[in-house]
Amino acid sequence: MRTLITEKELNAGVNRLAAEINAEYGQRPLTVLGVLTGSVVLLADLIRKLNMPLRVGVLQARSYQGATTTPGSLHIDADMMPDIHDRDVLIVDDIFDTGRTLLGVLNHLDSLKPKSVKTLVLLNKQGRKEVEVEPDFYGFSIPDQFVVGYGLDYQDHYRNLPFVAALEPKEIDQLLS
Ligand code: IMP
Ligand code: MG
C-alpha cells in the first residue's frame, strides 16, 4: 500500500473545499447530503468548517457489488433523506470515478424539486469518466488507481485509514485469496 495523500494534505484540501463552499453560499441555508458510506469521514470534517445555517442528511448509493471493482447497477436508498423541496443542496461523495453514481443521485434528486443542486467529491479520478456531468467541487485529482482510506473502502475495509493510499493489484489479489 502506497500513501497517495497524507493526513496533512487531506486536512488542507478539506479546508480549501470548505472555503469554496462558504464563498459560494455565504449565509444562504444549505442542505448537505452525504452519499453513504464512502463520504462519512469527509462529511464529518467538512460540515464543521461550514458557516451557513446547515442541515445534514444522508442517502445510500451502491454501484460496486461484492469483490469486483467494475460497476454493477446503481441502487439508491433515499429513505433517510430530509425534505429537499425548494432547498439549496450540496451532494458530498468520496470519489468521482465513472461518474455514474453522481449522475444517478442527481437524477433522483431532480424529481424532488430542490432549488439548486451542486456536487462535491474528495477525489476526482482521471480517465474513467463515462457521463456528461462533472463534480462542481473536488479536493484532489488522482490518477486511475484503486484507492482506500479516509472513507474509501476495498470490500468494506480500510475506511478508517486517516490517509488515502493506492492498493496495488497484487495486494487486491492477496485480499481475495
Ligand atoms: P462511480 O459511480 O464510477 O463514479 O463510482 C463511485 C463510487 O465507486 C464511489 O462512491 C466509491 O464508492 C466507488 N469507487 C470508485 N473508485 C474507487 C476507488 O478507487 N476506491 C474505492 N472506491 C471506489
Ligand atoms: Mg465503495
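We count residues from 1, following the sequence as given. Numbering of ligands and ligand atoms starts at 1, following listing order.
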Exercise. Heavy-atom distances under 4.0 Å are what count here, so tell me which part of Asp93 touches ligand 1: side chain, backbone, both or neither.
Key: side chain

Quiz prompt | Atoms of ligand 1, numbered as shown, that sit under 4.0 Å from any heavy atom of Asp94 | solution = 9 (C), 10 (O), 11 (C), 12 (O)

Quiz item: Given Tyr158, Phe146, Phe96, which one has a non-hydrogen atom that is nearest to atom 17 (C) of ligand 1?
Solution: Phe146

Self-check item: Within residues 104-114 or reaching into it, pairs that qualify as salt bridge (Lys or Arg N to Asp or Glu O under 4.0 Å) - sequence neighbours excluded
Solution: none

Quiz item: Looking at ligand 1, does Gly99 have a heavy atom less than 4.0 Å from it?
Solution: yes

Quiz item: Rounded to the nearest 0.5 Å, how far apart are CG of Leu122 and CG of Leu10?
Solution: 6.0 Å

Self-check item: Numbered atoms and elements of ligand 1 in range of Asp153, under 4.0 angstrom, heavy atoms
Solution: 21 (C), 22 (N)

Quiz item: Taking C-beta and beyond as the side chain, do Glu24 and Phe137 meet within less than 4.5 Å on heavy atoms?
Solution: yes

Exercise. Begin from the C-alpha positions of Leu123 and Tyr150 and carry the test side chain to side chain contact (heavy atoms under 4.5 Å, CB included) through to its verdict.
Key: CA-CA 11 Å; Leu123 306 176; Tyr150 199 76; over 6 Å; no

Quiz prompt | Proximal ligand 1 atoms for Leu152, defined as those under 4.0 Å from one of its heavy atoms | solution = 20 (N), 21 (C), 22 (N)

Exercise. Go through the steps to decide whether Val35 and Leu59 satisfy the test side chain to side chain contact (heavy atoms under 4.5 Å, CB included), and finish with yes or no.
Key: CA-CA 5 Å; Val35 182; Leu59 73 164; 4.1 Å; yes

Quiz item: Taking the non-hydrogen atoms of Ile95, is any one of them nearer than 4.0 angstrom to ligand 1?
Solution: yes

Quiz item: Any non-hydrogen atom of Arg62 lying under 4.0 Å from ligand 1?
Solution: no

Self-check item: Pairing residues for Asp88 by the side chain to side chain donor-acceptor pair (under 3.5 Å) criterion, not counting sequence neighbours
Solution: Arg28, Ser116

Self-check item: Sub-4.0 Å atoms of ligand 1 with respect to non-hydrogen atoms of Gln145
Solution: 19 (O)

Exercise. Say whether Val147, considering both its backbone and side-chain N or O atoms, lies within less than 3.5 Å of an N or O atom on ligand 1.
Key: yes

Exercise. Measure the spacing between CD1 of Ile76 and CD of Gln60 and express it to the nearest 0.5 Å.
Key: 10.5 Å

Quiz item: Does ligand 1 have an atom under 4.0 Å from some heavy atom of Lys125?
Solution: yes

Quiz item: Do the ring centers of Tyr138 and Phe96 come within less than 6.0 Å of each other?
Solution: no

